[in-house]
Undergrad: 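Submitted below is the structure of interest, expressed as structure tokens.
Per chain, numbering begins at 1; letters A, B, ... match sequence-line order. These numbers come from a predicted model, not from an experiment.
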Amino acid sequence: MAEKIDNEQVRKVAKLSRLELTDSEIEEFTGQLGAILEYVEKMNELDTETIEPLAHCLPVSNVFREDIAKESLGTEKTLANAPKKDETYFLVPKILDDNSGA
Amino acid sequence: MADLQYKIIVGLEIHVQLRTKSKMFCSCALEFGAEPNSRVCPVCLGMPGSLPVMNKQAFEYSVLAGLALNCNIPMFTKWDRKSYYYPDLPKNYQISQYDLPLSEKGFIEIPLESGETKRIRIIRAHLEEDAGKNVHSASSYSQVDLNRTGTPLLEIVTEPDMNSGAEVRALAVELQRLVRFIGVSEADMQKGHMRFEPNINMKIIRNGKEYRTPIAEVKNLNSFRALERSVTYEAQRQLSEFLETGIEFGMGNKTTRGWDDEKEMTVLQREKEEAHDYRYFPDPDLVPVELTQEWLDEIKSRLCELPLKKQLRYVQEYNLSDYDAGVLTADRATADFFDEVVNAGGDPKRVCNLLTQTGLKITKEKNCNITDLPVTPKGMADLAKMVDEGTISASSATTIFEAMVQTGKQPDVLASELNLVQKSDAGELESIVDQVIAENSEAVADVISGGKKEKKARGFLMGQVMQKSKGQANPKVVSEILAKKLK
Ligand SMILES: [Zn+2]
């Protein structure tokens with residue numbers, strides 16, 4: 001059985017996910033995540049020695065569409081649910097340390 | 001002074017925007033300069049319940065690029081999610097490819113200044129979606145535009161096989177020509193269609209001992225100039241840092257640096273710490289792609305002779321200068337047209353001169369391709385032949401070429417219409433030559449005596465004949481007749 005998840009790991013995952021958690025939340029989530037992982041761990045009991053790895057759960061491949069542009073939502077609808085916006089942009093809290101981009 | 005040798009080592013990541021009409025996983029249009037957030041749909045927004053669907057064209061373009069990069073194309077490829085925490089991708093992950101990319105283990109040949117070529121190995125090329133744009137303003141908010149979100153990008157990763165800023169630039173330029181040539185990208189630098197991230201470090205040998213400096217990655221370069229300069233700058237910076245501090249590979253984390261275009265220097269952005277923990281996992285929303293041999297062969301059939309190979313062939317087979325061969329192979333339309341004209345019987349050198357000196361001037365003015373002009377390869381070949389056969393002069397060829405573009409008429413028709421057919425009939429020319437000889441006894445004497453004045457006198461007589469024939473005498477025939485008569 002794999003090592004049990006601890007507070008440190010939860011803290012790390014939270015940081016990577018840009019989540020700010022209180023100590024009591026860390027405690028709470030460590031317990032919850034531990035329980036989930038323990039449950040998933042059960043699957044390791046299965047003997048998969050002779051089974052091919054699977055990339056997707058559906059036996060389907062090659063679902064494509066043709067390269068045809070269709071109407072988008074448009075700026076107004078796109079921004080309709082935004083908590084904060086100006087005329088044409090979403091507004092978000094100022095991004096520091098911007099390493100965005102693909 | 002210590003014995004010091006060093007070598008720059010650079011690997012490159014390149015993002016190339018594919019030339020599709022719509023995005024990678026939704027049908028929003030790709031349109032540069034559209035109103036912010038106008039080309040956005042529920043898929044772009046990462047709305048619950050929305051599902052991505054692959055753009056077939058984008059996939060085929062990527063395979064074509066992989067083939068052109070001499071990559072192995074696996075028959076099975078799949079999609080993964082890469083964790084991403086910036087607002088320009090609202091899903092909080094980027095769809096990318098992790099362990100089963102659509103192409104791997106290839107190479108690209110790049111031209112070096114010495115005239116030789118160098119092979120740079122390609123680790124992989126995979127398909128992914130672009131993020132949107134975060135705009136930073138003076139206010140306490142950042143603006144987000146999602147128009148670019150979901151744009152198909154081909155990410156190409158090279159081995160660290162380059163050893164100077166100039167080589168890195170050569171690769172970037174060659175890659176631009178390649179992707180344009182095979183038609184998978186416009187590769188317009190002004191529109192950000194190509195972005196570069198060099199990974200740079202130095203191998204230093206001091207007093208017989210080898211050292212390596214820590215790797216720095218320079219982010220988001222979008223011009224050849226910035227790419228080359230940042231590599232050159234960063235290498236020098238690392239060398240100085242090593243000499244001052246002795247810092248080596250493994251002593252610190254890989255760092256990320258930005259390029260300050262005004263100060264012409266790289267600036268530390270951050271130590272990489274846990275940044276590499278992208279926590280990839282297979283995307284359950286997208287099914288894998290399985291190629292069939294038939295499909296792959298069909299894509300393969302769209303490949304053509306690649307530009308660098310073509311360029312070298314023009315130099316070797318046709319004796320063109322490397323510069324001219326480069327001009328002809330800058331884009332596929334011109335190169336294909338040139339090939340067709342040569343196949344139709346045009347002398348390569350003559351055709352090259354007509355195309356590079358006149359043709360490309362016209363297409364530049366009209367902002368179009370050579371194939372958009374009403375000039376057929378056959379017409380062009382005929383024009384070249386007329387010069388070689390002495391029917392028209394080389395300078396008349398330019399005039400006729402321009403007239404062909406304007407009227408769409410054949411060169412022989414235009415040559416007579418414009419009175420540019422040279423007189424080559426020996427009998428007719430002979431009488432003009434006789435007349436000139438009779439009228440210019442002094443010059444004739446200078447030629448026959450063969451002294452200092454011979455060359456000039458001969459030119460003078462030639463000029464007189466041309467003038468009398470209203471410029472229509474074939475100079476080659478005239479000079480033959482003159483030579484015979486003034487022996
Ligand atoms: Zn969309």
Undergrad: Using a cut-off of under 4.5 Å on heavy-atom pairs, state which of B:L89, B:L30, B:L286, B:L291 scores highest against chain A.
TA: B:L286
Undergrad: Check each atom of B:S139 against the heavy atoms of chain A and say whether the ones under 4.5 Å are side chain, backbone, both or neither.
TA: backbone
Undergrad: Relative to chain A, which segment of B:F25 carries a heavy atom at a distance below 4.5 Å: side chain, backbone, both, or neither?
TA: backbone
Undergrad: Which one wins on heavy-atom pair count under 4.5 Å against chain A: B:C26, B:P282, B:A34?
TA: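 With the most close heavy-atom pairs to chain A, the winner is B:C26.
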Undergrad: Find out whether B:R302 and B:E60 are in side-chain contact, i.e. whether some heavy atom of one side chain is under 4.5 Å from a heavy atom of the other.
TA: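 Yes, side chains in contact.
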Undergrad: Given that the side chain runs from C-beta out, which part of B:N147 has a heavy atom under 4.5 Å from chain A: side chain, backbone, both or neither?
TA: neither
Undergrad: Please list every donor-acceptor pair under 3.5 Å in which a side-chain atom of residues 82-91 of chain A meets a protein atom from a residue at least two apart or in another chain.
TA:
unit_1, atom_1, unit_2, atom_2, d
A:K85, NZ, A:L79, O, 3.3
A:D86, OD1, A:T88, N, 3.2
A:D86, OD1, A:Y89, N, 2.7
A:D86, OD2, B:Q143, NE2, 2.6

Undergrad: Among residues two or more places apart or on two chains, list those pairs meeting salt bridge (Lys or Arg N to Asp or Glu O under 4.0 Å) that have a residue in residues 134-145 of chain B.
TA: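 For residues 134-145 of chain B, and leaving out neighbouring residues, there are no salt bridge (Lys or Arg N to Asp or Glu O under 4.0 Å) pairs at all.
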Undergrad: Go through B:F59 and B:V289 one step at a time and tell me if the side-chain contact (heavy atoms from CB on, under 4.5 Å) criterion holds.
TA: CA-CA 9 Å; B:F59 181 77; B:V289 181; 3.4 Å; yes
Undergrad: By a 4.5 Å heavy-atom criterion (distance strictly below it), what part of B:S83 contacts chain A: side chain, backbone, both, or neither?
TA: neither
Undergrad: Provide the full list of side-chain hydrogen bond (donor to acceptor under 3.5 Å, both in side chains) pairs with a residue in residues 58-74 of chain A, sequence neighbours left out, each pair given once.
TA: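 Residue pairs passing side-chain hydrogen bond (donor to acceptor under 3.5 Å, both in side chains), neighbours aside: A:S61-B:E290, A:R65-B:S22, A:D67-B:S22, A:D67-B:N55.
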Undergrad: For B:C44, which atoms come within 4.5 Å of any heavy atom of chain A: side chain, backbone, both, or neither?
TA: neither
Undergrad: Under 4.5 Å, counting heavy-atom pairs only, tell me which of B:S140, B:C41, B:C28 racks up the most with chain A.
TA: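 Sorted descending by pairs with chain A, the first entry is B:S140.
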Undergrad: Is chain A contacted by the side chain of B:K21, its backbone, both, or neither, given a heavy-atom distance below 4.5 Å?
TA: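 Both parts, backbone and side chain.
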Undergrad: Does B:K82 qualify as a cation-pi partner of B:Y278, given the criterion of NZ or CZ under 6.0 Å from the six-membered ring centre and within 45 degrees of its axis?
TA: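 Yes - B:K82 lies over the ring of B:Y278, closer than 6.0 Å to its centre and within 45° of its axis.
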Undergrad: Do you know which of B:R81, B:H126, B:E129 makes side chain to side chain contact (heavy atoms under 4.5 Å, CB included) with B:S96?
TA: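 Option passing the side chain to side chain contact (heavy atoms under 4.5 Å, CB included) with B:S96: B:H126.
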Undergrad: Which atoms of B:P288 come close to chain A, meaning under 4.5 Å heavy atom to heavy atom: side chain ones, backbone ones, both, or neither?
TA: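 Its backbone and side chain both get close to chain A.
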Undergrad: Tell me, for B:M24 versus chain A, whether the close heavy atoms (under 4.5 Å) come from the side chain, the backbone, both or neither.
TA: backbone
Undergrad: Applying a heavy-atom distance below 4.5 Å, give me the residues of residues 22-31 of chain A that approach chain B, sorted by number.
TA: none
